[in-house]
Amino acid sequence: MERGKMAEAESLETAAEHERILREIESTDTACIGPTLRSVYDGEEHGRFMEKLETRIRNHDREIEKMCNFHYQGFVDSITELLKVRGEAQKLKNQVTDTNRKLQHEGKELVIAMEELKQCRLQQRNISATVDKLMLCLPVLEMYSKLRDQMKTKRHYPALKTLEHLEHTYLPQVSHYRFCKVMVDNIPKLREEIKDVSMSDLKDFLESIRKHSDKIGETAMKQAQQQRNLDNIVLQQPRIGSKRKSKKDAYIIFDTEIESTSPKSEQDSGILDVEDEEDDEEVPGAQDLVDFSPVYRCLHIYSVLGARETFENYYRKQRRKQARLVLQPPSNMHETLDGYRKYFNQIVGFFVVEDHILHTTQGLVNRAYIDELWEMALSKTIAALRTHSSYCSDPNLVLDLKNLIVLFADTLQVYGFPVNQLFDMLLEIRDQYSETLLKKWAGIFRNILDSDNYSPIPVTSEEMYKKVVGQFPFQDTELEKQPFPKKFPFSEFVPKVYNQIKEFIYACLKFSEDLHLSSTEVDDMIRKSTNLLLTRTLSNSLQNVIKRKNIGLTELVQIIINTTHLEKSCKYLEEFITNITNVLPETVHTTKLYGTTTFKDARHAAEEEIYTNLNQKIDQFLQLADYDWMTGDLGNKASDYLVDLIAFLRSTFAVFTHLPVSDSFPGWLRWLTPVILALWEAEAGGSLEVRSSRPA
């Protein structure tokens, strides 16, 4: 019973479910009924559902049939009317077709015109768009063309500016074009090309100034010489002080503004062509010879490209190498003054360029770098001068070298370089100069003494007398009263030696000029050098003459007379030095001349040589004479032995009558000599008996 109720309940539920599914199928789109049908097939009542479905289909068919039967007459009427409409529609279609054909025929030209108009409008739009794009592209192309022209004409710094403007202003506006991409890709290459070309110009500039540094230095030294001459003209006296041309004055001739776009700045040559100037023409400024635009351009270019430090390091490195080359003296520099001059010109030219770079650029070189180079140059230059000047044996060349060094120092001091060490070195060269002078004057004294006739100077007129007195300070009232012709007591070597001593003093004074020494220092230097000349050079020359084997008593006596007069002239040499140095002899620490001692020593040596030679002559006379020592004749006639001996003594002692009074050779010998001769003659003419024994 219960089982039947349960089956009935399940049957009702299944029927309700099938009904729901059918309604869902009827109300749902056909494409979406898949899940619904699937639920049917998943269930166990598939057959009953199919039956239910068939029943529902039959019900719908009956309803459709009823509806069709109800509306059939209306459908027939509608079909009849539709057939009528179809005929009219066909007619209308034919009319539309004819009308369309006529319209097509009549509007064909219009269509063509419209097509042409359409093409024109399209072209117009394209042209307008093209013009707009070209207006954006033309400035880019113009700037690029300008860039190429600037690079072609080697205007690299303006080209770099144009490149920067092109990259940041113009190219971003047309960056989507292919040619712009090509330009953008070429920009780094162009920058590198500008860097390479500017660096090449800089290398050419450095090579050019290396070759022409001697010309630059020569011009700068000419300017310094002109300024010194002008100072001398203004002051009307030799410049002793340290007056210098100021730094500001030195740059007046060089203060020219250099524009990067000027014609001069566009040249790549480092040195301008300048013809040789005559001495009386104005010398051009040293910087006027140099075109520094390659340096400025390269500096600006590397600064803009952010590589300024690289450029500075490269420039300084190259200049240091050039400095070492410039400071390397040629091996034969000491042979001629031109060798020294060229060496100095190159050094001056190098530092003139560096000084100008220092004051016309901001940081390319600094004072520390310049000072470092100058310290190196100063040490190498001084070492080279010490080495090469030591080979020089010509005092004139040493003096010219000194003047050249002074000019070299003055020129560099104008540009602010310290040169005290150069003047200190000149004091060393001064000692060498004194030695070369002593060697030269040794030859001069030797020639004077060798060429002298050792006879008193004869004069036959007042003019000749004044000439000799003008050459040598001699005063003798007795000689002045004597009539012409007359003789000076000394021979020609006295005025010659005296004048050569004065010439030596003048030569020493020449070296002291422009050394910034005080008058006392100059006086001390001259006196010391003169003392060396007297005590060493002249003394040795006199000693060599006195010690010669073939010198006679007459020459020795004349040497004694000459040295006596030279000794008296020492006070005049003192006065001469005082006059040219303006330092009084009474000044503290003033060196005295030792000429008196020198001439006394020479005179003593001559007197000793006289004694020695006289004894040798008597011995030789007696040894060489051939006498008859065994004669038996004792007549009043003197023997040949006494006659010859008295003749020899007369000729010998007659020379001594001209001797001056001295400590070693007393004056009484002068008046005793004729007495001795008279006695010997009296005995020779009397009955002096000659013994048979030969005197010892």
Side-chain angles (χ1 to χ4, degrees), residues 438 440-480 482 484-507 530-531 533-548 551-577 593-607 609-610 655-662 664-665 670:
L438 293 175
K440 178 180 179 181
W441 256 258
I444 293 174
F445 288 149
R446 183 171 58 252
N447 293 334
I448 292 175
L449 296 177
D450 291 343
S451 62
D452 192 58
N453 57 9
Y454 295 95
S455 300
I457 301 176
V459 290
T460 58
S461 64
E462 185 70 22
E463 293 180 358
M464 295 178 63
Y465 184 86
K466 290 181 178 180
K467 181 179 180 181
V468 175
V469 174
Q471 294 176 350
F472 182 75
F474 176 77
Q475 294 179 354
D476 189 345
T477 55
E478 295 182 1
L479 183 62
E480 291 178 358
Q482 293 179 10
F484 292 99
K486 50 188 175 181
K487 295 181 179 180
F488 286 94
F490 46 81
S491 65
E492 291 183 355
F493 95 63
V494 172
K496 289 181 179 180
V497 167
Y498 180 81
N499 287 325
Q500 286 301 322
I501 294 174
K502 291 173 64 176
E503 290 296 327
F504 179 86
I505 294 172
Y506 275 126
T530 306
N531 279 332
L533 178 73
L534 296 175
T535 59
R536 191 173 75 183
T537 305
L538 181 56
S539 177
N540 291 338
S541 298
L542 290 173
Q543 293 293 338
N544 292 334
V545 173
I546 292 171
K547 299 299 182 181
R548 284 191 306 199
I551 191 168
L553 294 177
T554 304
E555 288 85 352
L556 291 172
V557 171
Q558 190 63 54
I559 289 175
I560 294 174
I561 297 172
N562 290 348
T563 53
T564 302
H565 288 284
L566 286 173
E567 179 183 351
K568 294 178 181 179
S569 69
C570 287
K571 63 179 182 179
Y572 297 104
L573 292 176
E574 291 268 8
E575 294 177 359
F576 176 72
I577 296 175
L593 290 183
Y594 303 142
T596 303
T597 304
T598 299
F599 297 124
K600 282 183 179 180
D601 293 342
R603 188 162 58 252
H604 292 165
E607 291 169 353
E609 193 69 21
I610 287 175
V655 178
F656 300 151
T657 59
H658 301 289
L659 286 173
V661 178
S662 67
S664 61
F665 212 96
R670 292 192 299 168

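Keep in mind it's a predicted model, so treat the numbers as computed, not measured.
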Taking side chain as C-beta onward, heavy atoms only, is [X] less than 4.5 Å from [Y]?
| X | Y | answer |
| --- | --- | --- |
| Val545 | Asp452 | no |
| Phe504 | Leu534 | no |
| Val497 | Trp441 | no |
| Met464 | Phe484 | no |
| Leu573 | Thr530 | no |
| Phe599 | Asn562 | no |

Practice item. Spell out, as yes or no, whether a donor-acceptor pair under 3.5 Å connects the side chain of Ser539 to the backbone of Arg536. Key: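 Not confirmed, Ser539 side chain does not pair with Arg536 backbone.
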Review point. Under 3.5 Å, side chain of Gln558 to main-chain N/O of Pro489, donor-acceptor pair present?
Key: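 Yes; judged by distance alone, with no hydrogens or angles, the pair exists.
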State, to 0.1 Å, how close [X] and [Y] come at their nearest heavy-atom pair, and which atoms those are.
| X | Y | answer |
| --- | --- | --- |
| Lys487 | Leu479 | O-CD1, 3.2 Å |
| Glu480 | Lys486 | O-NZ, 3.3 Å |
| Ser569 | Pro473 | CB-CG, 4.3 Å |
| Ala605 | Ile546 | O-CG2, 3.8 Å |
| Ala602 | Gln543 | CA-NE2, 3.9 Å |
| Ala442 | Ser541 | O-OG, 4.0 Å |

Check your understanding: Leu538 and Ile501: side-chain contact (heavy atoms from CB on, under 4.5 Å), yes or no, with the steps?
Key -> CA-CA 9 Å; Leu538 181 56; Ile501 294 174; 4.3 Å; yes
Check your understanding: Going by the angle between their ring planes, with limits at 30° and 60°, are Tyr465 and Phe488 parallel, tilted or perpendicular?
Key ->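 The arrangement is parallel - the two ring planes meet at less than 30°.
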Check your understanding: Does the side-chain contact (heavy atoms from CB on, under 4.5 Å) test come out yes or no for Ile561 and Tyr454, once each step is laid out?
Key -> CA-CA 10 Å; Ile561 297 172; Tyr454 295 95; over 6 Å; no
Check your understanding: Near Glu463 CD, under 6.0 Å, is it more than 12 heavy atoms from other residues, nucleotides or ligands?
Key ->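 Not more than 12 within 6.0 Å, no.
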Check your understanding: Taking everything shown except Glu462 itself, do over 12 heavy atoms lie less than 6.0 Å from its CD?
Key ->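 Check passes, neighbour count above 12.
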Exercise for review: Output yes when Arg548 and Glu555 qualify as a salt bridge under the 4.0 Å nitrogen-oxygen rule, no when they do not.
Suggested key: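 Looking at Glu555 together with Arg548, the answer is no, because their closest N to O distance does not fall below 4.0 Å.
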Output the distance between atom [atom1] ([X]) and atom [atom2] ([Y]), rounded to the nearest 0.5 Å.
| X | Y | atom1 | atom2 | value |
| --- | --- | --- | --- | --- |
| Gln500 | Ile444 | CD | CD1 | 4.5 Å |
| Phe472 | Glu492 | CZ | CD | 14.0 Å |
| Thr564 | Lys600 | OG1 | NZ | 10.5 Å |
| Leu566 | Phe493 | CG | CZ | 6.0 Å |
| Thr563 | Phe490 | OG1 | CZ | 13.0 Å |
| Thr477 | Gln482 | OG1 | CD | 10.0 Å |

Review point. Under 6.0 Å between ring centres, would you say that holds for Tyr572 and Phe474?
Key: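 Ring centres of Phe474 and Tyr572 not closer than 6.0 Å.
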